[in-house]
Amino acid sequence: MYLLLFLFFIILTGKVTIEILVSGLVLTAALGGLLYALFGYTPGRELRFLKKAPLFFLYLFVLLFEILKASVRMIGCIFAEKSGIRPVLVTFESGLKTRFGRYVLANSITLTPGTITVEQTGDVFTVHCLKREFLDVSEDSVMMRWIRRLER
């Protein structure tokens with residue numbers, strides 16, 4: 001992070017002189033200290049994130065595929081004579097251990113057409129679905145397996 005901040009500073013200044021390098025190092029160190037003080041940022045956290053980044057990008061493709069599947073289902077409901085849409089609120093426990101995992105699940109549900117996360121308190125989610133079949137949060141669902149892999 002510090003290296004990226006320093007490189008960003010150099011790119012923004014457009015010149016490379018000793019004064020700019022020293023001031024860039026001082027500003028980057030000050031910003032790094034502020035990130036640590038306010039947000040608990042540490043280089044160890046960044047390394048863990050970098051190790052999980054490829055897995056997270058793979059999850060984005062899984063999420064896009066799930067969004068496409070849900071979009072096709074929604075199109076079918078819209079054009080069907082008897083769509084069978086019966087809105088329902090579903091409350092469930094996710095079994096996810098980290099705040100990050102719950103955050104990813106809540107946003108993934110909201111991004112998927114036909115479902116929206118209404119409330120999330122701890123491990124308990126309340127989701128509005130246009131049809132109960134639109135929400136699959138079972139232990140062996142694709143998104144839950146990927147989010148558990150991200151949590152490890």
Please list all pairs passing the ring pair (Phe, Tyr, Trp, His ring centres under 6.0 Å) test where one or both residues lie in [range], with sequence neighbours left out.
{"range": "residues 7-35", "value": "none"}
{"range": "residues 97-152", "value": "Phe92-Phe125"}
{"range": "residues 63-91", "value": "none"}

Exercise: identify the closest heavy-atom pair between [X] and [Y]:
{"X": "Arg102", "Y": "Gly122", "result": "CD-O, 2.9 Å"}
{"X": "Ile85", "Y": "Leu130", "result": "CG2-O, 3.4 Å"}
{"X": "Lys52", "Y": "Leu150", "result": "NZ-O, 2.7 Å"}
{"X": "Met74", "Y": "Gly114", "result": "SD-CA, 3.8 Å"}
{"X": "Leu89", "Y": "Val118", "result": "CD2-CG2, 4.0 Å"}

Hey, could you give me the [atom1]/[atom2] distance between [X] and [Y], rounded to the nearest 0.5 Å?
{"X": "Asn107", "Y": "Leu63", "atom1": "CG", "atom2": "CG", "value": "9.5 Å"}
{"X": "Tyr59", "Y": "Ile147", "atom1": "OH", "atom2": "CD1", "value": "3.5 Å"}
{"X": "Arg73", "Y": "Leu68", "atom1": "CZ", "atom2": "CG", "value": "11.5 Å"}
{"X": "Leu64", "Y": "Leu111", "atom1": "CG", "atom2": "CG", "value": "9.0 Å"}
{"X": "Thr115", "Y": "Asp136", "atom1": "OG1", "atom2": "CG", "value": "11.0 Å"}
{"X": "Leu5", "Y": "Ile10", "atom1": "CG", "atom2": "CD1", "value": "12.0 Å"}

Under 3.5 Å, is there a donor-acceptor pair between the Asp123 and Ser94 side chains?
->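 Yes, side-chain donor-acceptor contact under 3.5 Å.
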Would Thr98 and Glu151 count as having a side-chain donor-acceptor pair, cut-off 3.5 Å?
->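 Yes - a donor-acceptor pair under 3.5 Å links their side chains.
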Non-hydrogen side-chain atoms of [X] and [Y] separated by less than 4.5 Å:
{"X": "Leu105", "Y": "Leu96", "result": "yes"}
{"X": "Arg86", "Y": "Arg132", "result": "no"}
{"X": "Ile116", "Y": "Ile109", "result": "no"}
{"X": "Thr126", "Y": "Gln120", "result": "no"}

Is [Y] reachable from [X] through a run of I, L, V, M, F, W or Y residues, each pair having side-chain heavy atoms under 4.5 Å apart?
{"X": "Val127", "Y": "Ile67", "answer": "yes"}
{"X": "Ile20", "Y": "Leu27", "answer": "yes"}
{"X": "Phe6", "Y": "Val16", "answer": "yes"}
{"X": "Val104", "Y": "Leu55", "answer": "yes"}

Could you give all pairs that pass the side-chain hydrogen bond (donor to acceptor under 3.5 Å, both in side chains) test and reach residues 5-16, with sequence neighbours left out?
->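 Matches after skipping sequence neighbours: none remain.
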Considering residues, nucleotides and ligands other than Leu38, do more than 12 of their heavy atoms fall under 6.0 Å from its CG?
->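 Yes, CG of Leu38 has more than 12 neighbouring heavy atoms, counting only those of other groups under 6.0 Å.
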Excluding sequence neighbours, so at least two apart, what forms side-chain contact (heavy atoms from CB on, under 4.5 Å) with Leu60?
->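 With neighbours one apart ignored, the set is Phe56, Phe57.
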Can you sort out the partners of Arg148 under salt bridge (Lys or Arg N to Asp or Glu O under 4.0 Å), two or more places apart, ordered by chain and number?
->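 Partners of Arg148 under the salt bridge (Lys or Arg N to Asp or Glu O under 4.0 Å) test: Glu139.
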